[in-house]
Protein chains: 2
Amino acid sequence: MEIESRAQAFEDALRRVGVRITRQRAALLRVLADAEDHPDATQLHQRAMAAGAGVSLATVYRTLAALETQGVIQKLEFEGEPARFEPADGNHHDHMIDVETGEVMEFVNERIERLQAEIAAEMGYEIVRHRLELYVRRRR
Amino acid sequence: MEIESRAQAFEDALRRVGVRITRQRAALLRVLADAEDHPDATQLHQRAMAAGAGVSLATVYRTLAALETQGVIQKLEFEGEPARFEPADGNHHDHMIDVETGEVMEFVNERIERLQAEIAAEMGYEIVRHRLELYVRRRR
DNA sequence: ATAAATGCAAATGATTTGCAGGCTC
DNA sequence: GAGCCTGCAAATCATTTGCATTTAT
């Protein structure tokens, strides 16, 4: 009741705000809940299709937009590639991208978070959201 | 000999690596050198045109690509907008974007820079480049 | 002279949208 | 049953590219 419940939780969250759960949306939610990586719209489409669900790419995009609005998923826009998506598991984190392999890793650093807030405050602003990406290479 | 020399410095840097300075490139370099903000390709095109230089948008893009390759300018890809460009003045900095006005501000924080390097190192990587953007709102 | 740069228009790639018919609540 | 959803194809938007022509060096 781990993986299973994640897709379920997504459905519940959506139903709560009046979003209809169609066959294609249910399929996408399952694919998203199962994703260990950070897939883009096309990959999600392919996975849903591979899972036997008939979905159009247009619907994938429309559903992803709705899910993001509802805060169920997070859209990631890395440099020079199509947008990727990840389930929003509540706890914020930043990303590290291996420029050689394309692998995406997650990390959190409280000190950096704090420093960011301080910098903004010093200039008279408050942070709405931020984006921190480290493009890295494995050390020899 | 301040503003004037910046565009000049750009030209010299390009000539040095064998890039030809055409009428349209000279115009773009001038527009870039004078930019106080962070304009996108279309804006740069308009400014060059307004300055009396006939340039096609295609050439603007091609020139910007060349300038970026030569390290003369820096390309900025903020969320959901066309890429912007800024002259590369050597010293690295990050960006803060006022989500209300769209204004872009620059800042540097040594501690954050250091922390980033540490995080990468801890995971066995070295930073190739990074991107830190604070989307902020003015405090009341 | 010659290789590089330009302009135009057509191509690309990701994402969005209008509309007619379907399906969930 | 009513209205949100879907699929499809066409439209958008930013950016890139092929090709014939110009131009800097």
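First the proteins, then the strands, lettered A, B, ... as listed; each starts at 1.
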Which dot-bracket string fits DNA chain D when only Watson-Crick or G-U wobble pairs with both atom distances under 3.5 Å count, crossing pairs get [ ], and | stands for a partner on a different strand?
-> ||||||||||.|||.||||||||||
Within-4.5 Å side-chain heavy-atom neighbours: R84(A) and P39(A) | no
Between T59(B) (side chain) and V55(B) (backbone), is there a donor-acceptor pair under 3.5 Å?
-> no
Tell me, which of residues 50-60 of chain A have any heavy atom that sits under 4.0 Å from an atom in DNA chain D?
-> G54(A), V55(A), S56(A), A58(A), T59(A)
So does R62(A) get a side-chain nitrogen or oxygen closer than 4.0 Å to the phosphate oxygens (OP1/OP2) of dC4(D)?
-> no
Steps toward side-chain contact (heavy atoms from CB on, under 4.5 Å) verdict (L134(B), L132(B)) | CA-CA 7 Å; L134(B) 306 183; L132(B) 170 57; 4.0 Å; yes
First and last nt of DNA chain C near chain A, cut-off under 4.0 Å to heavy atoms, 5' to 3', are dA14(C) to dC25(C)
Should L64(A) and L76(A) be regarded as members of a common hydrophobic cluster, given that ILVMFWY residues are connected when their side-chain heavy atoms come within less than 4.5 Å of each other, either directly or indirectly?
-> no
Between R15(B) and E11(B), is there a side-chain N and carboxylate O pair less than 4.0 Å apart?
-> yes
When you check the gap from the basic side-chain N to the acidic O, do R129(B) and D94(B) get nearer than 4.0 Å?
-> no
Flag the pair H95(A) / F107(A) as yes when their ring centroid distance falls below 6.0 Å, and as no otherwise.
-> no
Residue pair L32(A) / L44(A), side-chain heavy-atom distance below 4.5 Å | yes
Would you mind reporting whether H93(B) and E86(B) have side-chain heavy atoms less than 4.5 Å apart?
-> yes
Do I127(A) and Y135(B) touch side chain to side chain, with heavy atoms closer than 4.5 Å?
-> no
Does any non-hydrogen side-chain atom of E118(B) lie less than 4.5 Å from one of R111(A)?
-> yes
Side-chain touch Q70(B)/F10(B), heavy atoms, less than 4.5 angstrom = no
So, R6(A) side chain and R30(A) main chain: donor-acceptor pair closer than 3.5 Å or not?
-> no
Please lay out, stage by stage, how H38(B) and E106(B) fare under the test side-chain hydrogen bond (donor to acceptor under 3.5 Å, both in side chains).
-> CA-CA 11 Å; H38(B) 300 75; E106(B) 307 180 349; 2.9 Å; yes
Pair E133(A)-M96(A), side-chain contact (heavy atoms from CB on, under 4.5 Å): steps then yes or no = CA-CA 6 Å; E133(A) 290 156 18; M96(A) 203 159 125; over 6 Å; no
Beyond-backbone contact of V136(B) with V99(B), side-chain heavy atoms, under 4.5 angstrom = no
So, with a heavy-atom separation below 4.0 Å from DNA chain C, the residues of residues 14-22 of chain A are R15(A), R20(A), I21(A)
Close residues, residues 39-49 of chain A, relative to DNA chain D [heavy-atom separation under 4.0 Å] = none
So, are R139(A) and D98(A) salt-bridged, with charged N and O less than 4.0 Å apart?
-> no
Near DNA chain C, which residues from residues 72-86 of chain A have a heavy atom under 4.0 Å away?
-> P82(A), A83(A)
